[in-house]
Amino acid sequence: MARKLLLEKIGIEGIRYYDAYRKSGGYASVEKVLKTMSPDDVTNEVKKSGLRGRGGAGFPTGMKWGFLAKPQGVPRYLICNADESEPGTFKDRYLMEHIPHLLIEGLIVSSYAVGSNCTYIYIRGEFGWIVDILEQAIAEAKNNGWLGKNILGSGFDCEIYVHPGAGAYICGEETALLESLEGKRGNPRIKPPFPALKGLYDCPTVVNNVETLSAVVPIINYGSEEYAKIGIGKSAGTKLISACGNISKPGVYEIEMNISVEEFIYSDEYCGGIANGRRLKACVPGGSSVPILPANLLLKTAKGETRMMTYESLSDGGFITGSMLGSGGFIVYDEDQCIVRNTYSFSRFYRHESCGQCSPCREGTGWMKKILWNIETGKGKIKDIDLLFSIQSKIEGNTICPFGDAASWPVAAAIRHFRDEFEWHVTNAEEAQRRNYGLAGYAEPLKVAAS
Amino acid sequence: MVMNKFSEQRLKEIDNVISRFPDGKQKSALLPVLHMAQEDFGGWLSVETMDYVASLLNILPIEVYEVATFYSMYNLKPVGKYVFEVCQTGPCMTRGSESIIQYIEEKLGIKAGETTSDGLFTLKTVECLAACGYAPMMQMGKSYKEHLTKEKVDSIIEECRNHAAKNN
């Protein structure tokens, strides 16, 4: 069995509530940092652990904290990004629902490190029942002296508040989140200035994902060295993967970042293989925004090496033959799935969620959705495929926030790897309404060029 | 028409939300207060309701309108007593959300986006709700209904009808 750090205690009865959580060693990291460490010590531990942002970007967490401006007399804010909305991703929800005190504990330690006396959890509005769970956990923590004024006599004050959004994927982008928290439309801000200098109410702000902040707890408890030993190279520690699609056992799994993609899909410890005896066709390994890979590029890199569940290995080959670990939203497609229809579905998602500020994204997402619908429903032309590729290339990099890229990449990758399936939809329009393209050659081993 | 007003209890809750933010930043409470308004005033936000929220938070009505029109959880027209919001995004689609949507449409005799003539049900299609591993699924009020099958849809509709009959 792989080592569990975040889900270590998940099986303990009543772990959702304070008593069981505390009895199993909960809040020890708060005692440790408040009694024996300075805020900078905590930041250094997180830096040394190699922890990278678990929301999708993979930016080193300790470094992000290190960028925070600390002008005298100006409040600093820590914001927990719980706006989990990337299709394929449902891991933060799992943590908050089942072991909410882990997040609260991580938030207190992290708030101490960055000097935030007022910390907000911005949670997607649809998670209404999780708001209740978190508020109860916060009240329990406060009643037991872990929040409020002068925590454990350390002189450190901290309050945590839960703040619901109202249905907007874009609010997972950190500056859109800040706008939303200020009671505005979730329109991303132009950067710079970055939130580390001017964030919430123009004050220095750090925004971190739920899983990232929860991972601070085991890092403090076991030490950064222990944490960094897990995984491979710059993919240190454990990662939650939310697995879905056509697998036998959809769910949330904590992996050490040292296993292969093949093991993750086929091992009974994780996904348990493809459901109903079907064959693997494709996979989006890190949430809908990251490039889709056909089976033959998923299990092995273009160089013929085993593809591993790490940031580096999943992105090996760049966007030409690789993808990204992203948020850990792992979507598996079997041979019966239609890549054109799936790409259309993602385009509809991005069209719906575009905030509309930047014209390449506002207009481009709608245009892509329309063309994909035409191809899917047998009204497409071959030149539409090139047009689609051209549109996505003109959105990418031309918008205020990374949403434009996120909307482009799935389309680019689908055409790059499944062009023959798109062409088949155009040239066999009638047949394509009756059946799917199937597995075709997408699982056949690639010829590796002798280098 | 009688103007909607929050109860004393709700007004206290709203003051509590406002107190979470620095002085002068009461606008930060807008999203939570709009959720409360929608819950208390019939499941949607009328212009009168939005103006009322603006006056409570001491902001301009336009500041409320621009927010209410941006976020998909706010309904700007009346909805049924029970709102089915079925996820249609990729991962749910691979697990059969399209046939679930079609089934609900047939069963209730409405299309997505419509409300039944008895005012009981509204069907909406929505984008990813972060429940991909438990697909197909829908949101109903504050809860998620997951691993949907036709049988499960039947029993949810039945429950809603019973609930409505009891609470009429």
Side-chain angles (χ1 to χ4, degrees), chain A residues 75 84-94 118 120 124-129 131-132 159 161 163-169 171 180-187 200-201 242-246 249-252 284 288 329 331-334 337 341-343 345-346 348-349 352-353 355-356, chain B residues 16-22 24-36 38-39 45 53 57 59 63-75 85 87-95 97-98 125-135 137 139 141-144 146-147:
Chain A
E84 182 170 57
S85 313
E86 171 88 2
T89 315
F90 48 100
K91 65 187 178 72
D92 295 338
R93 166 194 167 180
Y94 186 84
C118 183
Y120 299 99
R124 68 178 298 174
E126 292 90 341
F127 286 166
W129 77 100
V131 171
D132 297 342
E159 297 290 351
Y161 301 112
H163 190 88
Y169 167 75
C171 291
S180 183
L181 187 50
E182 292 182 5
K184 302 175 199 160
R185 295 166 78 93
N187 287 347
L200 185 64
Y201 312 128
S242 58
C244 63
N246 309 116
K249 298 193 303 163
V252 176
V284 175
S288 61
I331 315 168
V332 177
Y333 301 93
D334 70 18
Q337 299 303 319
R341 196 166 186 82
N342 182 68
T343 311
S345 166
F346 284 160
R348 180 178 59 195
F349 172 83
H352 184 262
E353 301 296 342
C355 82
Chain B
N16 179 40
V17 174
I18 292 172
S19 75
R20 297 170 172 186
F21 304 102
K25 303 296 185 193
Q26 76 281 1
K27 187 176 171 178
S28 278
L30 180 53
L31 270 63
V33 174
L34 283 176
H35 282 304
M36 294 180 200
Q38 182 157 292
E39 199 177 312
L45 300 171
V53 168
L57 293 178
I59 56 179
E63 294 177 87
V64 180
Y65 307 158
E66 63 180 14
V67 162
T69 53
F70 183 85
Y71 296 92
S72 64
M73 285 180 77
Y74 300 129
N75 299 313
E85 300 179 85
C87 176
Q88 60 175 354
T89 313
C92 271
M93 199 178 77
T94 64
R95 308 285 292 205
S97 62
E98 287 169 328
T125 51
V126 296
E127 299 297 344
C128 191
L129 293 176
C132 319
Y134 324 111
M137 62 78 62
Q139 176 162 30
K142 218 175 176 175
S143 64
Y144 279 10
E146 298 172 329
H147 299 294

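In what follows, chains are A, B, ... by sequence order, proteins preceding strands, each numbered from 1. Scope of the values below: all heavy atoms of this structure, side chains included, with no hydrogens, waters or symmetry mates.
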Largest heavy-atom contact set with chain B, pairs under 4.5 Å, which of [options]:
options: A:Lys91, A:Glu84, A:Arg124; value: A:Arg124
options: A:Ala166, A:Pro250, A:Gly183; value: A:Ala166
options: A:Tyr169, A:Tyr333, A:Phe346, A:Tyr161; value: A:Tyr161
options: A:Ala168, A:Gly245, A:Gly251; value: A:Gly245

Look at the side chain of [X] and the backbone N and O of [Y], then say whether any donor-acceptor pair between them is shorter than 3.5 Å.
X: A:Arg348; Y: B:Gln88; answer: yes
X: B:Ser72; Y: A:Gly167; answer: yes
X: B:His35; Y: A:Pro164; answer: no
X: B:Thr89; Y: A:Pro87; answer: no
X: B:Tyr71; Y: A:Gly186; answer: yes

Do the side chains of [Y] and [X] get nearer than 4.5 Å, heavy atoms only?
X: B:Glu127; Y: A:Glu353; result: yes
X: A:Glu126; Y: B:Tyr144; result: yes
X: A:Arg341; Y: B:Glu98; result: yes
X: A:Cys355; Y: B:Phe70; result: yes
X: B:Ser28; Y: A:Tyr201; result: yes

Look up atom [atom1] in [X] and atom [atom2] in [Y], then write down how far apart they are to the nearest 0.5 Å.
X: B:Lys142; Y: A:Asp132; atom1: NZ; atom2: CG; answer: 3.5 Å
X: B:Tyr65; Y: A:Arg185; atom1: OH; atom2: CZ; answer: 14.5 Å
X: B:Leu30; Y: A:Ser180; atom1: CG; atom2: OG; answer: 9.0 Å
X: B:Lys27; Y: A:Leu181; atom1: NZ; atom2: CG; answer: 12.5 Å
X: A:Phe90; Y: B:Met137; atom1: CZ; atom2: CE; answer: 11.5 Å
X: A:Phe349; Y: B:Met93; atom1: CZ; atom2: CE; answer: 13.5 Å

What part of [X] gets closer than 4.5 Å to chain A, counting heavy atoms only: side chain, backbone, both or neither?
X: B:Arg95; result: side chain
X: B:Ala131; result: both
X: B:Gln38; result: neither
X: B:Glu66; result: both

Query raised in the report: Which one, B:Glu85, B:Lys25, B:Gln139, B:Gln26, leads in non-hydrogen pairs under 4.5 Å with chain A?
Result: B:Lys25

Report task. Flag the one option from B:Pro91, B:Gly141, B:Ala68 with the top tally of heavy-atom pairs under 4.5 Å to chain A. Result -> B:Pro91

Query raised in the report: What is the minimum heavy-atom distance between A:Gly88 and B:Cys128, and which atoms define it?
Result: N-SG, 4.3 Å

Report summary line: Tightest non-hydrogen contact, residues A:Asn246 and B:Thr94, listed as ND2-O, 3.6 Å

Which atoms of [X] come close to chain B, meaning under 4.5 Å heavy atom to heavy atom: side chain ones, backbone ones, both, or neither?
X: A:Thr89; result: backbone
X: A:Cys171; result: side chain
X: A:Ser85; result: backbone

Report task. Assess the pair B:Phe21 and A:Tyr120: is the distance between their ring centroids shorter than 6.0 Å? Result -> yes

